[in-house]
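Quick caveat, the model's predicted, so the values are computed rather than measured. Order of the sequence lines sets the chain letters (A, B, ...), proteins ahead of strands, with each chain counted from 1.
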There are 2 protein chains.
Amino acid sequence: MDFERADALNQAVRLLSLRHRARAAALLAPLGLHPGQEALLLELSRSGPMIQAQLSEALGCEPPSVTIMTRKLEATGHIRRAPAPSDKRASVVELTESGEALAGQVKLLWCALAEETVAGLPAETVAELPGILTAMTGNVDTRRPRRSRER
Amino acid sequence: MDFERADALNQAVRLLSLRHRARAAALLAPLGLHPGQEALLLELSRSGPMIQAQLSEALGCEPPSVTIMTRKLEATGHIRRAPAPSDKRASVVELTESGEALAGQVKLLWCALAEETVAGLPAETVAELPGILTAMTGNVDTRRPRRSRER
DNA sequence: CGGATAATGTTATGCGCATAACCAACCTGT
DNA sequence: ACAGGTTGGTTATGCGCATAACATTATCCG
């Protein structure tokens, strides 16, 4: 691929990251959330209580990041951490009532953000977008170097 | 749009951002660069010497970020800052010789990264990807609230 | 068994990004 | 010509992310 095209693509990804995150930040600010935290709440809302290692996996970020984020969300009262009964190392984290309420708010914003993001694009394109983006993500994902032969 | 679809889309964007950036970081590390810095070098390589405000505009990040990044790239000797002759407030920044060499290296990596990113996608999709991503970026861009009437 | 290895979580540190507050220099307009 | 607003840049602070180094607990195996 020539540099022009490559640059256009890489830069497009970078700018989309920046602006999409900035827009999310603007929408989440009234709820007192910073971008990234909503993903944690949504994941807990989707899958129920889970251990930090699982959160790290689901969110696609490293354990130290999860430690910090959970600490802050615990401080603001949206999640709760308790020692896991079966493993003295682990701590299971779950939504509090206020956290569940907040997750509900986030879901509304999330729909608005998605619609805003793909406004004006042909419906067909919108339909295949998640698949395309996920494929691209998989192409550059270095988090699971093993496991490439999975069935 | 229902929450399922919206969530799939927003999450896909978030994960692509994380992984694409992480992959870029891994490629740039051998050059001693952190992700984000390559954009500054490439912009200078594209457009020649320019003022920090223009860099801020081109990179899509805020002036304080540019201040820090230029300071670090100056410390590593890849760029040079000089007072602007026509405006005592401004400082024009340009690549040094080592900066130009580094930009050349980055261009090679950039092509590799782009190819890696779109591997396996149909050529047609790849062709329209930059346009799609740029359109999405424009949809959520809150940086230019003015200028909306530019057809 | 018991010792090596793996997995969970934390602290420390650093980078890119953001906002808010501020100074200095450059326009304006009346 | 000068008061007031605008623009260019910096500092301070905070967040999400990363890696490296570490302590603790689980697990595997000879």
If you compare every side-chain N and O of [X] against the phosphate oxygens of [N] (OP1, OP2), does one of them come in below 4.0 Å?
X: B/Gln37; N: C/dC15; answer: no
X: A/Lys72; N: D/dG16; answer: yes
X: B/Ser65; N: C/dA18; answer: yes
X: A/Thr67; N: C/dG9; answer: no
X: A/Lys88; N: C/dT8; answer: no
X: A/Arg71; N: D/dC15; answer: no

Inset, instruction - Return yes when atom CZ of B/Arg5 has more than 12 non-hydrogen atoms of other residues, nucleotides or ligands closer than 6.0 Å, and no otherwise. - result: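 Atom CZ in B/Arg5 is not crowded, with 12 or fewer foreign heavy atoms closer than 6.0 Å.
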Inset, instruction - Inspect the surroundings of CZ in B/Arg81 and state if more than 12 heavy atoms from other residues, nucleotides or ligands are less than 6.0 Å away. - result: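 Counting neighbours around CZ of B/Arg81, more than 12 heavy atoms of other residues, nucleotides or ligands fall under 6.0 Å, so yes.
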To the nearest Å, how far apart are [X] [atom1] and [N] [atom2]?
X: A/His20; N: D/dG16; atom1: NE2; atom2: C1'; value: 16 Å
X: A/Arg21; N: C/dG16; atom1: CZ; atom2: C1'; value: 10 Å
X: A/Arg81; N: C/dT8; atom1: CZ; atom2: P; value: 16 Å
X: A/Glu62; N: D/dG16; atom1: CD; atom2: C1'; value: 13 Å
X: A/Leu28; N: D/dG16; atom1: CG; atom2: C1'; value: 13 Å
X: A/Leu55; N: C/dT8; atom1: CG; atom2: P; value: 12 Å
X: A/Leu59; N: C/dG9; atom1: CG; atom2: P; value: 13 Å
X: A/Leu33; N: D/dC15; atom1: CG; atom2: P; value: 13 Å

Proximal nucleotide (of [options]) relative to the [X] side chain:
X: B/Asp87; options: D/dA12, C/dC17, C/dC26; result: C/dC26
X: A/Ala90; options: D/dA18, C/dC17, C/dT8; result: C/dT8
X: A/Arg14; options: C/dC17, D/dT10, D/dT19; result: C/dC17
X: B/Ser91; options: D/dG16, D/dA18, D/dG9; result: D/dG9

Select base, sugar-phosphate, or nothing to describe what [X] touches, counting heavy atoms under 4.0 Å on all strands.
X: B/Pro35; result: sugar-phosphate
X: A/Ile68; result: nothing
X: B/Gln52; result: sugar-phosphate
X: B/Ser56; result: nothing

Quick one: which protein N/O atoms are closer than 3.5 Å to N/O atoms of nucleotides 4-6 of chain D? Pair and distance per line, please.
none

Legend entry - Any donor-acceptor N or O pair under 3.5 Å, side chains B/Ser91, B/Gln52: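 Result is yes, a qualifying pair exists.
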Legend entry - No-hydrogen, no-angle side-chain donor-acceptor test under 3.5 Å, B/Glu43 and B/Ser47: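 The criterion, which ignores hydrogens and geometry beyond distance, is satisfied for B/Ser47 and B/Glu43.
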Listed pairs under 3.5 Å, donor-acceptor, residues 12-20 of chain A side chains, sequence neighbours left out:
from    : atom 1 : to      : atom 2 : distance (Å)
A/Arg14 : NH1    : B/Leu59 : O      : 3.0
A/Ser17 : OG     : A/Val13 : O      : 2.8
A/Ser17 : OG     : B/Ser17 : OG     : 2.8
A/Arg19 : NH2    : B/Gly60 : O      : 2.3
A/His20 : NE2    : B/Asn10 : OD1    : 3.3

Legend entry - Closest-nucleotide 5' rank along DNA chain C - winner of A/Thr70 and A/Leu18: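 Whichever sits nearer the 5' end wins; that is A/Thr70.
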Legend entry - Pairing of B/Asp7 and A/Arg46 as salt bridge, 4.0 angstrom limit: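 Looking at A/Arg46 together with B/Asp7, the answer is yes, because their closest N to O distance falls below 4.0 Å.
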Inset, instruction - Look at A/Glu116 together with A/Arg23 and state whether they make a salt bridge at an N to O cut-off of under 4.0 Å. - result: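 Answer for the salt bridge query: yes.
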Side-chain donor/acceptor pairs under 3.5 Å, residues 101-111 of chain B, sequence neighbours excluded:
from     : atom 1 : to      : atom 2 : distance (Å)
B/Lys107 : NZ     : B/Ser45 : OG     : 3.2

